[in-house]
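One structure below.
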Amino acid sequence: MNEEFLAAKELRKAFNGNVAVDVVSFSIMRKEIFGLLGPNGAGKTTTIRMMATVLPPDGGDVMVDGHSVLRHAGEVRKLIGVCPQELALYPELTALENLVFFGQMAGLGGKQAKEAAGENLLLVGLQDRAKDAVAKFSGGMKRRVNLAISLMSRPALLFLDEPTVGIDPQSRNHIFETVQRLRGEGMTVLYTTHYMEEADRLCDRLAIMDHGQLIAVGTPRELKAQIGQPEKVTLEEVFLSLTGRRLRD
Ligand SMILES: Nc1ncnc2c1ncn2[C@@H]1O[C@H](COP(=O)(O)OP(=O)(O)OP(=O)(O)O)[C@@H](O)[C@H]1O
Ligand SMILES: [Mg+2]
């Protein structure tokens, strides 16, 4: 359990001279749910995109199970799945067709892709809607399809970028249960959110990010203990105490 699975080392990224990620280092242990928390524009998605080999860092490196994103991107891609913040779905296709399509893109054969699609729809609680066009789904159901797609290759490490933004409580609970079940099966998860109470409930450890920098890393309890009695303090208050600002308006 205490084996390091991902190590981000002094990651940096700027866009047109504006620093988005400012020398960020952290580790994620195998089978851990690791939260990356922070307000809009903190640099969470940019960090994920560098870890996921989508965006080259300006400086630093990320090691995933010993493979560098700079030197062994192909090896890293075999280990990871990404559930992006922006939905990437074909609305006119059914849920099942979307999953099979993306499964084949990830290198699965037709039969394998169909099997995995069925399993993943069950996992996110959409098996009854498999044959409906995604265009007819609610926002929360679309998010669950998005998650199911990122699981098609059964990644060892899953990046979930704000999977619960603007969705109904039922879909949110489904996503929580799915993430916990996947971890139980041995998956390592990086979870970004700006909902502090969500991170508190779900994450083993978390990092708080602000203006491109990590300002705290630890278990929810450790972070809360920095400012008071952990039972009486919220992560929202930790953020306020560290930055002098509220996380949300
Ligand atoms: N492709 C890009 N081109 C220019 N600027 C970018 C690009 N991507 C991100 N940025 C900038 O980098 C900073 C960090 O953005 P990022 O999307 O990583 O934040 P975030 O923490 O994911 O925010 P959110 O909670 O809104 O998703 C922001 O100032 C953003 O405007
Ligand atoms: Mg983002």
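Remember, it's 1-based here, ligands and their atoms both numbered in the order they're listed.
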*Looking at the Mg ion (ligand 2), is one of the N, O or S atoms of Gln85 less than 2.8 Å from it?*
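Yes, since at least one N, O or S atom of Gln85 sits under 2.8 Å from the Mg ion (ligand 2).
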
*Could you tell me whether any N, O or S atom belonging to Thr46 is less than 2.8 Å from the Mg ion (ligand 2)?*
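So Thr46 does not count as coordinating the Mg ion (ligand 2).
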
*asked:* I need the Phe176 CZ to Glu198 CD distance, nearest 0.5 Å.
replied: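 That separation rounds to 3.5 Å.
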
_CA sep, side-chain torsions, deciding dist, call: His174, Leu147, side-chain contact (heavy atoms from CB on, under 4.5 Å)_ = CA-CA 11 Å; His174 262 293; Leu147 171 58; over 6 Å; no

Show which atoms of ligand 1 fall inside a sub-4.0 Å distance from at least one heavy-atom site of [X].
X: Glu162; result: 25 (O)
X: Thr45; result: 17 (O), 18 (O), 20 (P), 22 (O), 27 (O)
X: Pro39; result: 21 (O), 25 (O)

Do me a favour and list the nearest non-hydrogen protein atom to [atom] with residue, atom name and distance?
atom: atom 26 (O) of ligand 1; answer: Asn40 ND2, 2.9 Å
atom: atom 18 (O) of ligand 1; answer: Thr46 OG1, 2.6 Å
atom: atom 29 (O) of ligand 1; answer: Gly41 O, 4.3 Å
atom: atom 9 (C) of ligand 1; answer: Phe15 CE1, 3.5 Å

*asked:* Looking at non-hydrogen atoms alone, which of Lys44, His194, Lys13 comes nearest to atom 21 (O) of ligand 1?
replied: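 Selected option, by shortest heavy-atom distance: Lys44.
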
_Taking Glu115 first and then Lys111, would you say they form a salt bridge - that is, a charged N and a carboxylate O separated by under 4.0 Å?_
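Here Glu115 pairs with Lys111 in a salt bridge, since their nearest N and O are under 4.0 Å apart.
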
*Look at Glu231 together with Arg221 and state whether they make a salt bridge at an N to O cut-off of under 4.0 Å.*
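Salt bridge between Glu231 and Arg221, a charged N being under 4.0 Å from a carboxylate O: yes.
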
*Protein non-hydrogen atom found under 4.0 Å from atom 31 (O) of ligand 1*: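 Within 4.0 Å of atom 31 (O) of ligand 1, no protein heavy atoms are found.
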
Should [X] be counted as touching ligand 1, given the test is an N or O pair under 3.5 Å?
X: Ala20; answer: no
X: Gly43; answer: yes
X: Gln85; answer: yes

*Checking side-chain contact (heavy atoms from CB on, under 4.5 Å) for the pair Met29/Thr188: CA distance, chi angles, key distance, verdict?*
CA-CA 8 Å; Met29 303 300 156; Thr188 304; over 6 Å; no

*asked:* For Arg71 versus Ser68, what's the shortest heavy-atom pair and its separation?
replied: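 Closest heavy-atom pair between Arg71 and Ser68: N-OG, 3.0 Å.
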
*Heavy-atom side-chain contact between Leu158 and Tyr191 under 4.5 Å*: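 When only atoms from C-beta onward are counted, Tyr191 and Leu158 do not touch, as no gap falls below 4.5 Å.
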
*Flag the pair Phe137 / Leu89 as yes when at least one side-chain heavy-atom distance between them is below 4.5 Å, and no otherwise.*
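Result no, sub-4.5 Å side-chain heavy-atom pair not found.
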
*Does the side-chain contact (heavy atoms from CB on, under 4.5 Å) test come out yes or no for Leu157 and Val76, once each step is laid out?*
CA-CA 10 Å; Leu157 171 63; Val76 172; over 6 Å; no

